[in-house]
Each structure stands twice: as C-alpha cells, then as structure tokens.
A.B. asks: 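First the structure, which I've put down as structure tokens, then a few questions once you've had a look.
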Amino acid sequence: MKKARIAVLVSGGGTNLQALIDAEKKGILKSGTISLVVASNPNAFALERAAIAGIPCDIAWKKVLGSQEAFEDKILELIEVYKIDLIVLAGFMAILSERFTSRFPKRIINVHPSLIPSFCGKGFYGLRVHEAALEYGVKVTGATVHFVNEIPDGGEILMQKAVSIRPDDTPETLQKRVMRLAEWKILPMAVEQVSAEIVK
Ligand code: GAR
C-alpha cells in the first residue's frame, strides 16, 4: 500500500514527534510514514528521538542561514529531496511565511495547545499559552490540530480535544496534562486522517 511521506518539523523536546513515531509503530498511523524530521535549531531533543527511531533528520537554523528566505529555502529543498507529501508542525516554534505556506494548501498541519480560537495567534506558543489560560481563569482548555495557512493558527480545524483545568494547576502541570490527554492523542489521529486522504 502506498503511504504518504511525512516530514515532521520540530524545535524542542519532541514529545509530539514521539507520539507520531509510537503511533506509526502501533499501526494507528498506517496511511503515512515519517520520512524526515527537520529541527529549527541544533539543540532540539527531538533530533535524538528521530535518530533513535532511525528517521533521517536535518537542521534548518535561521541564525546560521541568515534570513527567513534562506531558512524556508532550506526546508523547501529538504521537502523536495525527500519527496514529502505532508508537513507536520509538532512543537515547531519558527514562523513560516505565506511564501512557504501557500505552496502547500491542506498539506501542512499544526498542533496548538489550546482550544482555538482561544489563546492562539502571534505570541501564543508553548508554556505561554497555558499561562494565558490560567491568567484568564478559563475552566476548560485543550488542544487543536488544524491546517496551516497564512494566518497564524488560523487554518481550518481538523480535531480538538478539551481538558479540564484544576484549581491547583500551574502552567507546567497544565501543559503536561494537555499534552498527555489531548495533543498526543489527536495529532496522530489527524495525521492518519490527512494521510489517508492523500493516498486515496
Ligand atoms: C506542545 O505543547 C505544542 O502544542 C506547542 O509546543 C509544545 C511542544 O512540545 N506548540 C506551540 O505552541 C505552537 N504554537 P513538544 O516539542 O514536546 O512536542
């Protein structure tokens, strides 16, 4: 059976990448195969997870590449070389411009740690999202998987899962619970759904 070739773009710990690797092993992700991991910096622990899983990986580091254009060109080149069908942003903290995103309509997906349209868009990433949810005092938060377009966190929603906030939550405890109960579940499911569409 033909499988969609997936590139996962990462910046940090890579627990969402790990969830995808595990889902492929378990057969939850069966219509796609993780064929490339690209990190936005050389210190991303996600690179070690990719290496352990035997997945080819590379680094696109804006700091050494010098410009947004050169940074995006490096990713574009890798996408071409590895014949990638689907790009997954899994804790990818760098911005991709419209010049990049417009080339891949409904072929880039992102996981965001809140229920979009709350706590999303420019400046809302990582722990900051959970700090904002706790500051606001919402009682329910969660995670969203969506297609990526030119609007930050503004593309069509694919899946969402809600997570209750506890009175004693800190940004760190909330982040962990949202990952465990929501992100690591809906990201592999959404990646399978889009991969199945691609190979159909
Ligand atoms: C995850 O919570 C992910 O949703 C978030 O960063 C974390 C990365 O963790 N992404 C964003 O905030 C993007 N806007 P990971 O590296 O362990 O997957």
Side-chain angles (χ1 to χ4, degrees), residues 6-24 28-29 34 36-53 55 57-62 71 75 87-97 100-101 108-136 138 140-163 165 169-191:
I6 300 164
V8 185
L9 275 50
V10 295
S11 296
T15 64
N16 280 289
L17 166 67
Q18 191 66 53
L20 290 168
I21 293 169
D22 296 346
E24 188 174 346
I28 296 166
L29 172 56
I34 306 167
L36 171 69
V37 169
V38 183
S40 64
N41 71 82
N43 306 314
F45 184 70
L47 286 167
E48 297 198 23
R49 296 182 189 272
I52 290 166
I55 303 165
C57 44
D58 211 322
I59 299 159
W61 198 13
K62 194 169 156 185
F71 165 69
I75 302 173
I87 301 166
V88 179
L89 311 185
F92 188 63
M93 301 305 183
I95 298 289
L96 294 169
S97 76
F100 186 99
T101 58
I108 312 176
I109 71 179
N110 180 45
V111 60
H112 182 77
S114 75
L115 294 174
I116 290 175
S118 290
F119 313 116
C120 65
K122 206 164 176 273
F124 287 99
Y125 56 86
L127 209 54
R128 173 76 200 113
V129 179
H130 304 291
E131 282 166 2
L134 291 176
E135 270 163 28
Y136 198 97
V138 292
V140 176
T141 185
T144 303
V145 178
H146 62 93
F147 282 125
V148 172
N149 63 9
E150 69 287 357
I151 305 157
D153 298 325
E156 185 188 327
I157 291 173
L158 283 158
M159 271 182 210
Q160 290 188 304
K161 191 160 190 282
V163 174
I165 291 182
D169 261 328
T170 63
E172 289 79 8
T173 61
L174 184 57
Q175 180 182 51
K176 283 205 184 97
R177 208 161 65 260
V178 167
M179 283 176 159
R180 184 167 52 83
L181 299 180
E183 295 184 45
W184 302 342
K185 292 204 160 78
I186 62 172
L187 182 63
M189 283 164 65
V191 170

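Note that this is a predicted model, so its numbers are computed, not measured. Order of appearance sets the numbers: ligands from 1, and atoms from 1 within every ligand. Along the sequence shown, the residues carry numbers beginning at 1.
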A.B. asks: What protein heavy atom is closest to atom 4 (O) of ligand 1, reported as residue, atom name and distance in Å?
C.D. replies: E183 OE1, 2.7 Å
A.B. asks: Any nitrogen or oxygen of Y125, side chain or backbone, less than 3.5 Å from one on ligand 1?
C.D. replies: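 Not met; the criterion fails.
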A.B. asks: Output the distance between atom NZ (K185) and atom CE (M179), rounded to the nearest 0.5 Å.
C.D. replies: 14.0 Å
A.B. asks: Can an N or O of H130 be found at a distance shorter than 3.5 Å from an N or O of ligand 1?
C.D. replies: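 By distance alone, the answer is no.
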A.B. asks: Hey, is the main chain of P117 close enough, under 3.5 Å, to the side chain of D153 for a donor-acceptor pair?
C.D. replies: no
A.B. asks: Numbering the atoms of ligand 1 from 1, which are under 4.0 Å from a heavy atom of V111?
C.D. replies: 4 (O), 10 (N)
A.B. asks: Within this structure, what is the OG1-CZ distance for the pair T15 and R180, rounded to the nearest 0.5 Å?
C.D. replies: 12.0 Å
A.B. asks: With the threshold set at under 4.0 angstrom, would you say G126 reaches ligand 1 through any of its heavy atoms?
C.D. replies: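 G126: in contact with ligand 1 (<4.0 Å).
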A.B. asks: With rounding to the nearest 0.5 angstrom, report the CD1 to CG distance, I55 to L17.
C.D. replies: 6.0 Å
A.B. asks: For I95, is the CD1 atom crowded, meaning more than 12 foreign heavy atoms sit under 6.0 Å from it?
C.D. replies: no
A.B. asks: Which ligand 1 atoms are under 4.0 Å away from a heavy-atom of H112?
C.D. replies: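 It comes down to these atoms of ligand 1: 14 (N).
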A.B. asks: G14 versus ligand 1: do any nitrogen or oxygen atoms come within less than 3.5 Å of each other?
C.D. replies: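 Among all N and O atoms of G14, at least one is under 3.5 Å from an N or O of ligand 1.
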A.B. asks: In the protein, what heavy atom is nearest to atom 9 (O) of ligand 1, and what distance, to one decimal place, separates them?
C.D. replies: M179 CE, 3.2 Å
A.B. asks: So does F119 get a backbone contact from the side chain of S114, meaning a donor-acceptor N/O pair under 3.5 Å?
C.D. replies: yes
A.B. asks: Considering non-hydrogen atoms of the protein only, which is the closest contact for atom 8 (C) of ligand 1, and what is the distance?
C.D. replies: G91 CA, 3.6 Å
A.B. asks: With a 6.0 Å cut-off (strictly less than), is the heavy-atom count around CZ of F45, excluding the residue itself, greater than 12?
C.D. replies: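 Count over threshold, so yes.
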A.B. asks: Starting from atom 6 (O) of ligand 1, locate the nearest protein heavy atom and write down its residue, its atom name and how far away it is, to 0.1 Å.
C.D. replies: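 So the nearest neighbour among protein heavy atoms is M93 CE, 3.1 Å.
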